[in-house]
Amino acid sequence: MKHTGSVSNGKRILKYLLTSFLALSIGLLTACGSSSSSNSGSVSDTITMGMVNPPATFDPINAADIAGQFAGRLMFDTFLDQTAPLKFVPKLADSITTTDDQTYTIKLNPNAKWTDGKPVTADDVVFTFNLIANPKTETAVGSNISVLEGLTPTGKLPAGTASIPDLTKVDDHTVTFKTKKPVDPNYVKELIGTKIITLPQHILKDIAPQDLANSKYMQSPNVTDGPYKFVTYSKNAYIQYQANNSYYLGKPKTPKFFLKIMQAPNLASELQAGTIQMNAAGGIGIIPVQDYKTVKGLKNVKTITAPQIGYQTMMFNTKTIINPQVRLAFAQAINRQQIVSKLLQGNGQIVDGPYTSVSPYLDKNLPLIKYDPAQAKQMLKDAGWDFNKTVNLVVPIGNQVRQQSGDIIAQDLKAIGVKVNETTYDFPTIMQKGKAGQFDLLLIGFAGYVDPDQSAYYGPNGVYNFMKYDNPQSASLLQAGLNESNPAKRKIIYNQLQQIWDKDMPILTLYSDNQMIVVNNNIATGGASTFWPGTVYDFQKWAYKSGK
Amino acid sequence: MAQYIIRRILIAIPVILGVTILNFFIINLAPGNPVDMYVNPSATPQQIAMEKHALGLDQPIIIQYFHWLGQLIQGNLGFSYSTREPVTSLITSHIGPTMLLMGISLIIGYLIAIPLGIISARKQNSWVDYLTTGFSFFGVSVPHFFLGLGVIYLFATKVLLFPTGGMNTLGGSGSFSDLFVHLILPVAVLSTGIAGNMIRYVRSSMLDVLGKDYLRTAKAKGLRQFIITNKHALRNALIPIITVIGIDIPMLIGGAIVTEQVFQWPGLGLLTIQSISSRDYSTLMGINLIAAIAVLLANLLTDIFYAVADPRIRYE
């Protein structure tokens with residue numbers, strides 16, 4: 001009896017297993033059938049853009065990362081946009097004007113509205129500037145407003161002052177402010193016009209400045225003024241937006257927008273599958289070089305490769321490699337052409353100094369530093385270089401090409417007899433080592449502005465001057481460049497600076513890699529701009545071709 | 001039995017405490033300062049000091065530890081350094097997708113492995129056995145990232161059968177069938193690995209038991225082969241299988257870091273990697289703690305199931 005019971009038990013289990021397997025496989029089959037239609041073509045009321053870096057914050061005045069700034073620009077507007085180098089177009093402001101290069105007037109678009117229906121006014125602008133300047137506010141744009149009168153070099157109000165002097169509301173849609181000295185209007189238009197985001201005073205006025213960065217609003221901004229409204233952020237997966245139908249520059253043509261976060265190698269396959277329609281480029285959605293050929297071969301997308309302002313460098317620690325001749329010798333020993341042709345497969349350019357071919361300030365007459373290992377070795381001998389000394393080359397992880405370029409640099413230096421110890425660290429460690437000067441050579445990349453000022457890198461107190469470079473002549477020219485408001489005269493100053501930096505060699509520009517911009521064929525308008533800052537200009541017009 | 005369980009739980013408490021100590025101090029040994037990541041480079045020294053104070057990073061590390069432990073006892077895992085969200089809400093929002101993915105993968109993996117392992121042992125050295133062990137080796141030795149990229153290439157880009165990643169179609173309806181389609185590829189990859197591993201244990205454990213005298217006795221008594229294999233042999237072969245299940249279960253919480261990355265699955269594995277790269281210590285400590293608790297719980301369950309499967313263990 002007992003046994004028969006077990007038999008039926010065993011059979012029951014077997015039966016159960018069989019049926020569940022059957023059900024599962026049928027489920028699989030039907031799912032395959034239905035999925036092919038829903039996934040190959042995308043839903044045409046939705047545009048999805050792929051990017052690699054998750055945003056660190058949505059706080060528009062505290063986003064130091066490009067991903068956070070970009071994610072913010074879908075829902076917040078700046079005063080102006082820059083669609084091509086030094087070409088500024090109106091956005092939240094109809095204009096930023098000046099007659100004396102010192103007093104500036106911002107005229108707001110009178111139709112601009114917050115998503116709760118309230119108008120964007122001069123009060124909001126004054127509130128935002130004072131909030132940024134408040135020493136208690138955490139902000140990433142302090143240095144952008146540091147040219148304003150009454151502010152410290154970091155853009156903060158000195159103790160004892162409550163608000164920025166000469167920042168005045170003229171009427172509901174007009175604000176004026178004054179700079180310490182006359183400033184190139186392009187500087188103000190780029191660093192204030194396209195970077196400062198106005199916040200809604202009526203929503204934030206009761207939040208203490210020190211609590212702002214941690215506030216609920218900064219995690220999910222619910223009242224904004226841009227083309228899209230924030231819906232949700234699934235951390236490290238996607239940010240979802242929906243159209244702001246009462247947007248003052250026109251109702252967005254595509255109702256839903258997603259920024260999808262993924263690993264860089266996934267960009268190519270997602271583009272091919274059509275689950276993303278475009279990549280973000282701009283340093284946050286870069287297609288890896290090894291995928292270029294694959295992506296170019298895809299039939300459902302069009303691609304453009306464009307040079308950019310950003311570039312990769314090798315910093316010299318001028319406290320440990322004191323002699324400029326040694327630094328120049330190192331520069332000549334490095335085969336930058338090999339980095340561009342082998343690692344970037346030709347998709348990049350070699351420049352000296354901080355200006356790439358995109359910048360109007362690049363002095364094209366200056367000869368490029370040539371690769372000449374024999375001369376480099378001779379220069380080292382002449383400079384009395386100690387060939388037993390080991391040089392510490394510090395390389396950050398994260399950017400594969402840069403990491404590999406570290407190996408090429410180490411080999412090139414070894415080839416002229418220099419002993420090199422190459423170490424790799426993650427980015428936070430790199431920042432710490434950089435600040436502490438714990439390196440001889442350090443690889444690091446910069447996103448760059450179009451404005452030619454380089455005080456942050458070459459200035460004696462520059463926050464990125466890990467080189468501890470301090471040449472009084474360079475410092476005074478940098479100051480002169482900031483104080484000069486005439487663009488033509490500024491160009492002369494920055495040409496002089498490029499000559500000085502070429503001789504002093506505190507930092508060697510290794511290469512500037514081209515960016516590949518990919519957009520699905522079904523998209524009529526949209527995708528990253530060849531000039532990255534221009535990407536955010538017209539989100540409301542991004543749309544599919546009709547009938548797609 | 002109750003006494004047995006209570007003893008096991010009491011042993012677990014000092015282990016958890018030890019885990020928190022190791023967890024906290026090892027993470028804080030890492031070079032680089034989280035404040036450098038979150039504060040703009042142009043911040044003034046006062047701002048950096050303010051920020052350090054706000055995050056409690058200006059305190060001696062021992063004080064930081066006890067502060068963290070005190071908060072932990074109250075159920076507060078602190079705030080994420082990077083997004084400023086409460087760590088508890090970050091973890092709860094990521095644990096669901098991971099448990100779903102891993103749960104289904106484990107079940108499917110076992111449903112494949114246990115029958116195949118038994119058949120493979122019963123028909124040792126037959127073609128079925130060779131095929132099964134071949135599959136098992138494949139599952140164990142092919143890295144998940146490789147298999148993941150392989151199936152994405154084949155089934156998501158060459159043939160547009162499945163989505164390349166994520167948990168649902170962005171902008172889609174968010175229906176169950178949509179979720180199901182997104183599950184197929186990652187589950188296939190994960191369950192291949194899980195099954196590959198499990199088959200080896202089931203097979204060798206069954207082979208061990210099948211040679212035992214009592215099975216010959218059972219056969220001599222005239223029992224049917226099906227009963228002999230699935231009742232008498234399998235039950236005796238269960239101990240190593242339970243051990244492997246016990247090792248697998250923490251994956252439910254810890255997630256499959258690599259697979260989640262490849263398929264952009266918004267689970268704890270992805271959160272872990274992001275927290276490491278952004279030096280989000282508080283989130284990382286929270287995840288580690290949850291994972292440690294999951295391991296201890298799984299051990300406890302394993303011990304209990306040992307006792308159920310083999311009553312002798314209870315009395316030792």
Side-chain angles (χ1 to χ4, degrees), chain A residues 3 6-7 10 17 21 27-28 31-32 34-36 38-40 43 45-46 48 54 56-57 62 64 135-136 138-140 142-143 152 154-156 210 213-214 218-219 234-238 240 256 258 260-263 265-266 269-270 272-273 275 425-429 431-432 456 463-464, chain B residues 30-34 36-44 46-47 50-51 54 79 82-85 90 93-94 108 111 115 149 152-153 156-157 160-167 169-172 177-178 180-181 184 223-224 226-227 230-231 261-262 264-266 270-271 273-274 277-279:
Chain A
H3 289 155
S6 297
V7 170
L17 284 182
F21 261 121
L28 276 168
C32 298
S34 65
S35 74
S36 51
S38 68
N39 290 294
S40 54
V43 198
D45 62 351
T46 307
T48 307
T57 173
N62 196 31
K136 288 186 176 149
E138 266 185 63
T139 179
S143 54
T152 64
T154 49
K156 289 292 177 188
Q210 61 268 33
N214 293 341
M218 293 310 181
Q219 276 160 38
S234 169
K235 204 187 175 206
N236 304 325
Y238 60 85
Q240 183 180 357
K256 292 185 214 162
F258 284 86
K260 192 173 181 189
I261 302 152
M262 62 194 67
Q263 300 291 303
N266 288 73
S269 57
E270 295 250 348
Q272 182 174 10
T275 40
Y425 295 99
D426 64 329
F427 200 71
T429 314
M431 289 299 282
Q432 196 192 35
V463 285
Y464 290 116
Chain B
N33 192 321
D36 287 338
M37 288 288 288
Y38 310 124
V39 173
N40 186 275
S42 63
T44 58
Q46 295 100 298
Q47 270 180 292
M50 201 172 83
E51 187 64 18
F79 280 84
S82 70
T83 60
R84 314 295 171 93
E85 255 182 279
L90 266 179
S93 68
H94 283 74
I108 293 186
L111 284 181
L149 290 176
I152 288 177
Y153 177 74
T157 63
L160 297 180
L161 269 181
F162 301 110
T164 49
M167 202 168 147
T169 307
L170 297 183
S177 64
D178 187 45
F180 187 83
V181 172
I184 292 172
L223 286 187
R224 281 180 48 203
F226 188 83
I227 304 290
N230 293 306
K231 186 157 185 285
Q261 287 256 81
V262 170
Q264 302 148 44
W265 193 262
L270 206 59
L271 184 68
I273 287 292
Q274 284 298 344
S277 61
S278 61
R279 287 300 160 87

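Proteins come first, then strands; the chains are lettered A, B, ... in the order of their sequence lines, and each starts at number 1.
Proximity to chain B (any heavy atom under 4.5 Å) is shown, for A:E270, by both the backbone and the side chain. At a 4.5 Å heavy-atom cutoff, the contact between B:L90 and chain A is made by side-chain atoms alone. Neither the backbone nor the side chain of A:T57 comes within less than 4.5 Å of any heavy atom in chain B. If you measure heavy-atom distances from B:I152 to chain A, the contacts under 4.5 Å come from the side chain alone. With a threshold of 4.5 angstrom between heavy atoms, A:A456 does not approach chain B through any atom at all.
No side-chain heavy atom of A:M218 sits less than 4.5 Å from a side-chain heavy atom of A:N62.
With chain B as partner, the option from A:M262, A:Q263, A:K235 having the largest number of non-hydrogen pairs under 4.5 angstrom is A:K235.
The main-chain N or O of B:V262 is found under 3.5 Å from a side-chain atom of A:N266 such that the two form a donor-acceptor pair. Side-chain atoms of A:T152 come within 3.5 Å of backbone N or O of A:K156 as a donor-acceptor pair.
Not counting sequence neighbours, the partners of B:F79 by the side chain to side chain contact (heavy atoms under 4.5 Å, CB included) test are B:P86.
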In sequence, state the C-alpha distance, the side-chain angles, and the governing distance for B:T164 and A:Q272, and then conclude on side chain to side chain contact (heavy atoms under 4.5 Å, CB included). CA-CA 10 Å; B:T164 49; A:Q272 182 174 10; over 6 Å; no

